Each structure stands twice: as structure tokens, then as C-alpha cells.
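Reading through the C-alpha cells given below for one structure.
This structure is a prediction, so every number in the text was calculated from the model and none was measured.
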Amino acid sequence: MKILFFLFLVFTTQVYSQVPGTDIWDNQPRTIHYSRSDFQADPQFWTACRDSSGITYFGNNDGVLVYDGERWEKVTLPNNSSVRSLLYTGNGTVYAGAYNELGIISKDSSGTYRYNSLIDQLDLKGRNFENIWQSHELNGTVIFRSFKELISVTDNRVTHVPAFRSFTYSNVIGETCYVQDNESGIMAYSPEKSSLDLVFHPESYAGESIVAILPSEKENILLLISKNGQVYRGNTKTGAVITAGSAFLPGHTDQVICAIKQGNEYLLGTLGSGIRMLNENSMPMETSPVYQETQNSSILSFLQTEKGIWVTLNNGLDFMSFKTPVTRIFDESSIYDIRLHNSGIYLATNKGVYFCDTTEPKKRFHFRKIPELQGQAWSLNVIEGQLFAGHDKGLFIIRGEEARKIGEESGIWKIIPVPYKTDTFLACSYNGIFLVTGKKGSYVMHHKIKGFDESSRDILPTGEDNTFWVCHGYKGVFRIRINDDYTRVHAIDHYTDQNGFDSPFNINLFHWDSQIVFTTNTGIYTFNRRKGIFEPYAPLNNILNPSLNTRKILQTNDTAWVVQDDEVAYFNYKDEDPSLNNELFLNLKGSLNRGMESILPLDGRKVLIGSTTGLYLYRLGQDSKETVPTLLTRVSQYRAKEQKALPVTGYRDGMELPTEIDLLRFEYASPELGNSGDIQYSYILENIDSEWSVWNPVAFKEYTHLQPGEYIFKVRSRDSAGNSGSIASYPFTITPKWYQTRAARIFYILIAIGLLWLAYVLIQQKIKHERQKARNAARKSKKLLELEIERLKLTQDKEKIQQAKSILEEDILEKSKELANYTMQLVNKKDIFNEIQEDLKELKGLVKTQVSRQKLLEIFQKIHQHKIGEEYMEVFDVNFEKVHHNFFEKLKELHPKLTKRELRLCAFIKMDLTNKEISPLLNISVRGVETARYRIRKKLGIQHEYNFQEFLNSL
């Protein structure tokens, strides 16, 4: 039997090697690895399930890890047990089973996942059922399996079914729950009857421990896979079991941990050999390379989804995506050109030329470097069925995986055929053009064509004999004419910014609709031969943005490929209104070889694109694209450094948030679009943003210090395949403070109106006051003018008065002099009279005769008649009063009882006469004058220390 089994394995292996492989272009899934740095938890995963919104739950030694495609969230159990069982049921419930713990994983209104234990509800407290290893749903009944028992829950009614020895495995297939007991075999469990009915006797499968019971392509036939790798086929009707094969070759020792049916094949997770594959006949087959890329060889479980398979590992987590629109199939160097030739892929790279044989069955792309072409390769050209390579070392011809150099020249960009000349080619080099001739199998590089030494990487025939366009990245465009024997360039036309171009830089040329177009930084041009200038080419400028630098145009069938400002795009140029499609290629932005972008369209809406990071295979997908939900996973507010999660479900009219919020953070995801690296988001906050944001992979948005008002946050998603996510909305209101409310605003308006009215009144009063002030000022100015005029008049009068005063003073002075003279004359006169009287008296004593005496008497009488009397003094008084106005009146005011004699004495003193001079005028002695002065001082109350004359002068 062992010999027969070995021969059977050899036969099946040989049969497989002869089976033609599937299309290598379609067999390119992608494996995404997740490690501890991603999920921040224990790296051992036991199980997984997925809900209807695409959220994935993983059973882990730390509890349950929830992954929404963007973020991981850990949910721990009350006893910190590892979770070995997860189940998503038809009513939207996620059950988690652990060690002596059973419960539900649910999400609260804020989007936070929590564990709710069912131990009390199901009356399981104190019951030692140990680990729940598997959970199933069957016709509304949830079945939990532990080694000791089955716990069946129907409408909160719990049924316990104890094991005969140990329940080691269970699975639901169709309408039946199959359970293996180590002692009793494989049985069918009926929740309605709470019974176990034997299906397969343990002896029929050698009593092995079964790790998988899977459906087969035949009805009533189940595939039984044991831990040791044995594969059995069991008939549920007859109970017969036959051996179908083994997962392991003879001599290979390992264990199978889990298994699933994937299409017509079976995937087996092993303890140390990674993933093994069985074909539909349960025979081992060569494992696909994608299944060999797991980061750990211990496979603990599988979870199948629409887009791929989750693989839980003993150390880590992998997702194998089968619907990825882009796959990097080469990453060893930078790609400059791509060619398919004789069922092989050739790549021109900065490290040389690589080759991949696409006819190898069931294998991924495997590139090998062609030894002779080590170093910088620029181009690959297929001419007359021969493959040529332009290389830094020179020009090479490639056959299979061998290369032979043509000529001795180095630095060749590419080779092009010469129109209308058979077996004649041009090798375009760094500094000119070389002539190449020959046929298949024999090519010779001849002389360099003289007269043109510029770099000729970008060259095309013009359509005229022996005439070519050459574009130089910095010098503009050349049109060169070569003589018939191709030895010399005899004419060169050089076009720069003087011939229609805005700039001579970054000009490239391509074929489009049987003509040549020139791409620039400012649009696309064609050459007008009649005018000799370059003119804008409307058919392409109307589709492409002329403000962007178009660096490549490639026309194939009904699709055109372009590179604009480092972005790859395509459009159907036969459509009435062509539109650019570039979403699928956004990951290439910034990684293209500028000026030497490599694009190779394939059949079946596939395309190869080379970049600085390798070679990518893109699948353009179907015209009808999928729309999936975009989820708001969490909304958080930050206030005074405190975070608070806000409800993301259960609201309709919008959340009311306080105005004191410092920061509002929205987190979102689109689980059904796939891996987060392929998803982009665009958002808008109505009442703040005027348009949707640019697409970016960041899965959150924050707003700071929003003003009071009503807002709606919206977010949408898309993936690189063009699938889009629906718009998720979150309405909310920032409530104002009391002074920001509507009533407060009305109050502010009223206050403002009142203030405006008050300001109006005050302004009117101010205007009135200013007008009155202006009138007053005018009156004042008028009065001042009048006063000024009056002042001028007074000044004139004053001048006149001053003049009169001067005249008066002069007159007074004159009169004072006259008065003084008069007074002195009176004094002198009286002195003379007195002397004459004295002389006459002496003479009278001497005269003896009567006649003489009589004569003397007559003389005395005449003298007496003419003596100074009262009339002379009155004349003095009048003149003195004229000179010294009101002098006597002021003296009388001081002392009304002053006598006339005393007044005169004061006048004489004021005139500075001495006592001796005064005495004759008053007919008193000098002593009498002193006495009179004393009496006057006493009457006037003049103290002794005061000068009497100064007092009189001050009057």
C-alpha cells in the first residue's frame, strides 16, 4: 500500500507539471503583512470573523482586536483570557468565546467597542466549561463548542450537551452541524432535538483527530482532513469513509491546523509548513507562490472575504488580496523601458536588462538579469522581429537571454528604422547619429553621420525623405536633412521660442493620428509647414490641460495613455467627450523616470508601467464600479486637554456641542474597500469649506476653535481601482454662550440701534453746539474786530491824549515854572518891600524935618498900598490848583478843617520851598512856619518818621 501510495503521488505530481498554467497576468494577488507594530498586541491570533460593514474581529491572546481598515482597537475580557472563538451571526451580533467566558462584542454610540459578558444571562456562572474553541450559527441557534460540551443558545434558552470524551472539532455545512468526539466519532448535532446522531464511526478514519470537515464538489460527500495530514472522503448517507490522499509527501512530518475550500481547491494551514494546497480531487498540488509569502509558517485559521483571505498566524497576521488592481511584479531597479518579445518580458533598467519567461505555469514573475547587459540600459526596440537594446555600453541585439554588441560605439539611446530604405537604421547616441545596416542575424554599425553632434534620444521621421525631427530637452527642436548616402547632415533648422513655442525647454515629440505632435510645458503643438511655425493642436489641448507638462503620449486601439506632471492617465479618444482616468495610478506620482516614462498596454484591460521603484501591473477593472459604505468610526472633542468621545450613532437632528471646544476630531474608514494603503478620503465641512478637499490617505480630520453655528461634516472614500465609498455625514451644532444666543443678538441689535440713536442725537447736539459755537465765534470775532477797531481808535485817542498829555505836561511844567517864578518873585518882592520898610524906618529916625517925615509917611502909605496882599495869594492858589489838580480837595478830604493858610503852607512845601522862603509869604516867622508844619502833620496823622514833603507829593 505504501508503494502504491508513493507511485500515486508521483503520478499526480507529473500530471500537475504537464497541466498548462493559468494566465500569469491574472494570477498576481498581493499579500499584506501586519505585525505587532501595527496592531499593538500579542502577535498570536486564533480566529477571526467579519461583520456586514466590513469590520474584522480577531481573537488574540490579549482579547479581541477590531480592525476597520484604518485603525486597530483592543477589547479585553474581564478575566483577561485569550479569545479562541468568534462568530458573526445573521442578526448582526458578534460572539466571543474564551476561557470560562462567553459574551458579545458591541459598539456603543461613540464608536467604542466593548465586551458584554453573557455568563449571568445564560446562567453559566460557576460552570467550568473551559475554552470555547468554535462557534456556529444554525437556523437561529448559536452553538459554542468546548472540549467538555456544546452550549446551544436559542432565544436565551441554553442547552448543554456534554461530550462523551472530548469534542475536538465542529463545523456547519449546509443545514447540519458536524461535531467530532474523540471516542464516539463524527456526529450530527440537532439543536431542535438536542441530540447527537453518529455520521462517521471513528474506525472509518482510523480514529484520527479531525481538524477540518469541508464540502466537496459532490453532494453528500464531505472532505475530512486529519491533524496528521490524511485526507478522507466521507459519504453522509452511507457513513462510508475512504482515504483520498495526504497533504504531505512521504517523509515530511507536520501537522494540519485548519483548512478551507477556496474555489475548486483546498487550502490547508499547517503547524510548520505554511499553507498547503489540494486540488478538487483532494490531491496535493504545488502551492501557489502567493500562499508561500506568509510571514510565519504556523497557520492557525483562515477567514474568507469577498476580496481575499485573512490568515491568522502564530506570530502575526496576513491578508491575501485577490482583487487588488495593482501588483508590483519587479522591484530590483528603476525601469526605463518595457517590451514583450517571444513570450518573455524584457526590462531596460539602471542595472541592466532583465528577462522573465511568462510561459512558466502557476508561477509568479521571476526576472533574471542578462549578463552581457550589466549597467544602464535605456531602450528596447523590436524591429523586423529582432530585439535591440540601447545601452550605455552601446547597441545590442538580444536573443533569448543572450546579448551581442553591434559596433564599438558606446552611449546609444535607441535604434530606429529609416523610412523607405530597407535594412537601414539609425543608432541615436549621446552626441550624434550612427548608420546601421544589416538583416536578421547580421547587423553592422558604420560611420557617424557628420554635421550633427547633439544628443538624439527623442527622434522621429518627419515624413519627408531623409528628414528627421530631433528634440533636445534644453535646446529646443531641430529638423535635420541627411544626404542620400547618409554620410552628412546638410541642413539644420533650429526652432526655439521664436517659432511658436513659449519656451525651448522640455519639448518631446510623439505620433498622434498619423501626424507628429510636440508636447511642451504650455500645451501640445503641431508644425505648420506652410508658415514654418508651431501651432497649438486643439484636439489634444481640449482633452489635456495645456498648463501641465505633458511628457508622454501613447495611442493604442481606442485608448490613449499620457503622462502629465508626473501623473499617468488614460482616456478613450473615440468618445464624444473624453475624460482622463488617473485614480488607479496615484501611487506612481513622484516615482516616474522623467522623460523616459515606460508604459506597455496589454490585452484584457491590463497595463505595465515602469517607475523608479520597479514594474507595476495594473488591472483597469470594469466600467461599472462598486460603491460601498464610508464609516465615521469616531468623533472626539478636546476641551482643556480632556478628550471626550461623541456619539456617532443614534443621532438624527445633530449633536449640540459647547462652544468651548478646542478641537474636534473626525475619524473615518471604509472597511469594504480593502487595505488602508489603497484608500483615499475627501471631506468637506459645510459652513466652513467651500469645496471638497483633495484626496489623501489620511483617515482623520481635525478642526480647531469652531465658531457657534450649524455644521455638517461629510466624508467620502475611494480606492485605487476607482471604487468609491458613499458619503458619510455628521451634523452638529456649536451652541453659543448666553451672549452669543439669538436673544443676545437681538439685545445687541437693540443696544446698537439705541447707541446709534444716541450717537445721532449727540451728533445733532454736537452739530448744533458747533453751529452755536461757530455763531458765537463769529460774534466774538466780530466783537473782537469791533474791539480791535475800538482799540485802534483808543490807541489813536490814546496817542492823541498822550500828545495832549505831553503838551499838558509841558504846559504844566511851564506853568509850574511860571508858578515857581511867580512865587519866588513874590518872595523876593516881599523881601524887597520888607527891606525898604526897614530902610525907611531907619530913615524915619534920621529925618528930622516934618516935611521929610511927611514924605516918608506918604512913601509908607504907597508901599502899604502896593504890598503883597491877599489878592496875590489867591492868584497863587488858582495857578497852583491848575498845575496840581484837586490837590487842595484831597487835603480837605483827609482833614476838612484845614485852614486856607494851612492849605497854602502845604502847597509851598509841595513846591519844595524852605521855611525861610515860606515865612514872608505867610507873614509869619520861620519859627511860625515850623509850628504850622507840625500842626498840619498832626491833623493829617502823619507819623514823625515819614517825610512830609513826600506825603504831599504822593497826593
Side-chain angles (χ1 to χ4, degrees), residues 413-414 416 419 428 452 454-465 467-481 491-583 585 588-590 592-599 601 609:
W413 292 113
K414 63 182 178 182
I416 63 170
C428 307
F452 187 74
E454 301 292 344
S455 175
S456 306
R457 187 189 72 186
D458 209 3
I459 181 171
L460 282 178
T462 65
E464 303 176 29
D465 289 345
T467 306
F468 298 85
W469 290 110
V470 180
C471 288
H472 194 286
Y474 303 101
K475 297 182 180 180
V477 179
F478 299 91
R479 184 171 60 176
I480 61 174
R481 295 179 178 85
I492 299 177
D493 297 322
H494 188 194
Y495 302 93
T496 60
D497 55 357
Q498 304 298 320
N499 309 99
F501 292 126
D502 291 334
S503 168
F505 305 118
N506 298 329
I507 302 176
N508 301 96
L509 73 163
F510 304 96
H511 282 295
W512 180 268
D513 283 347
S514 302
Q515 59 183 309
I516 295 175
V517 295
F518 299 80
T519 64
T520 72
N521 292 330
T522 57
I524 300 172
Y525 294 78
T526 56
F527 183 68
N528 188 320
R529 293 187 180 181
R530 183 176 59 85
K531 297 180 180 179
I533 61 172
F534 294 87
E535 298 176 336
Y537 185 60
L540 282 176
N541 285 329
N542 292 336
I543 302 172
L544 305 176
N545 188 346
S547 65
L548 303 179
N549 175 229
T550 302
R551 297 202 306 266
K552 189 176 186 67
I553 298 178
L554 178 64
Q555 195 175 18
T556 61
N557 299 327
D558 58 353
T559 303
W561 294 86
V562 297
V563 176
Q564 274 197 313
D565 270 9
D566 216 30
E567 288 188 0
V568 178
Y570 69 94
F571 61 92
N572 189 330
Y573 59 86
K574 294 184 179 179
D575 288 345
E576 293 184 3
D577 186 18
S579 60
L580 290 177
N581 300 277
N582 65 344
E583 294 89 354
F585 314 104
L588 291 176
K589 188 175 179 63
L592 298 173
N593 282 307
R594 294 192 174 186
M596 299 198 71
E597 296 84 359
S598 51
I599 301 175
I609 301 179

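The shortest heavy-atom contact between Lys589 and Asp565 is NZ-O, 3.5 Å. The minimum heavy-atom distance linking Asn582 with Val568 is given by the pair CB-O, 3.4 Å. Looking at every heavy atom in both residues, Phe510 comes nearest to Lys552 through CZ-CA, 3.4 Å. Heavy atoms only, all atoms of each residue included: Val477 and Cys471 are closest at CG2-SG, 3.9 Å. Considering every non-hydrogen atom in both Gln555 and His511, the closest pair reads OE1-O, 4.4 Å. Between Ile480 and Val470 the shortest heavy-atom distance is CD1-CG2, 4.1 Å.
Asp575 CG: more than 12 foreign heavy atoms inside a 6.0 Å radius.
In this structure, Phe534 has its ring center closer than 6.0 angstrom to the ring center of Phe527.
Residues Leu544 and Leu580 have side chains in contact (heavy-atom distance under 4.5 Å, counting atoms from C-beta outward). Considering only heavy atoms from C-beta on, Arg479 comes within 4.5 Å of Glu464 through its side chain.
When the options Phe501, Trp469, Tyr495 are evaluated for a ring-ring contact (aromatic ring centres under 6.0 Å, His included) with Tyr525, the one that passes is Phe501.
Under a 3.5 Å cut-off, the side chain of Asn528 and the backbone N or O of Arg530 do form a donor-acceptor pair. Between the side chain of Thr496 and the main chain of Gly476, no donor-acceptor pair closer than 3.5 Å is present. No side-chain donor-acceptor contact under 3.5 Å links Thr550 to the backbone of Thr519.
Residues Asn521 and Asn549 bring a donor and an acceptor atom of their side chains to less than 3.5 Å of each other. Using modelled atom types, one finds a donor on one side chain and an acceptor on the other under 3.5 Å when comparing Ser455 with Trp413.
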Phe585 and Val563: CA distance, side-chain angles, deciding distance, side chain to side chain contact (heavy atoms under 4.5 Å, CB included) verdict: CA-CA 11 Å; Phe585 314 104; Val563 176; over 6 Å; no
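Note that the OG1 atom of Thr526 and the CG atom of Leu509 stand 12.5 Å from one another [nearest 0.5 Å]. Interatomic distance, Leu548 CG to Asp566 CG, rounded to the nearest 0.5 Å: 11.5 Å. The line from SG of Cys428 to CD1 of Ile416 is 4.5 Å long, rounded to the nearest 0.5 Å.
Between Tyr474 and Phe505, the two ring planes are perpendicular [angle over 60°; tilted spans 30° to 60°].
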